[in-house]
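These notes concern the structure reproduced below.
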Amino acid sequence: MTQIRIIAGIVTILGLLFGGWTVRGWYEGNLDLVRERVTRAAIDEALGSHSEVAQVVEEKLSGLKANQTVIDRGVTREVIKPVYRNVCLPGAGVGLLNAAALNDTSQLPAEPDGDVPEDAADPQ
């Protein structure tokens, strides 16, 4: 009879230990889940606010790109006009304007060419 009580006591103690260990695991798992959900909510909120800011910046940049394209097209049109090609600028001048319109710096001179010639067009 005492052996049965000892075995029952050991089984009870083992059951309590295993039950406590299981409940502790559930508790820690619950804490991990709460931390994960709070972190996910904070990340989602930050991404939401950043995406709104990014959308505003993208709209502003799209407006700036449109202005830049208009300016570039204006410069290209000025180079093509006959008054620049035939009257005011020699061939090298038109080449420089075309290089400037295309942002090509390989054709630009590093040093000044010299004095302005006497037969240059009057700026007024």
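Because the structure is predicted, anything quoted here is derived from the model rather than measured. Numbering of residues begins at 1 and proceeds along the displayed sequence.
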Got a list of side-chain donor-acceptor pairs under 3.5 Å for residues 45-59, not counting sequence neighbours?
from, atom 1, to, atom 2, distance (Å)
Ser49, OG, Ala46, O, 2.9
Ser51, OG, Leu47, O, 3.2
Ser51, OG, Gly48, O, 2.8

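Listed by chain and number, the hydrophobic cluster partners of Val23 are Trp26, where partners are ILVMFWY side chains within reach of under 4.5 Å, directly or through others.
Interatomic distance, Arg35 CZ to Asn30 CG, rounded to the nearest 0.5 Å: 10.0 Å.
Each salt bridge (Lys or Arg N to Asp or Glu O under 4.0 Å) pair with one or both residues in residues 16-28, not counting sequence neighbours, appears once here: Arg24-Glu28.
With Ile10 as the partner, the side chain to side chain contact (heavy atoms under 4.5 Å, CB included) test is satisfied by one option alone out of Ile13, Thr12, Leu14: Leu14.
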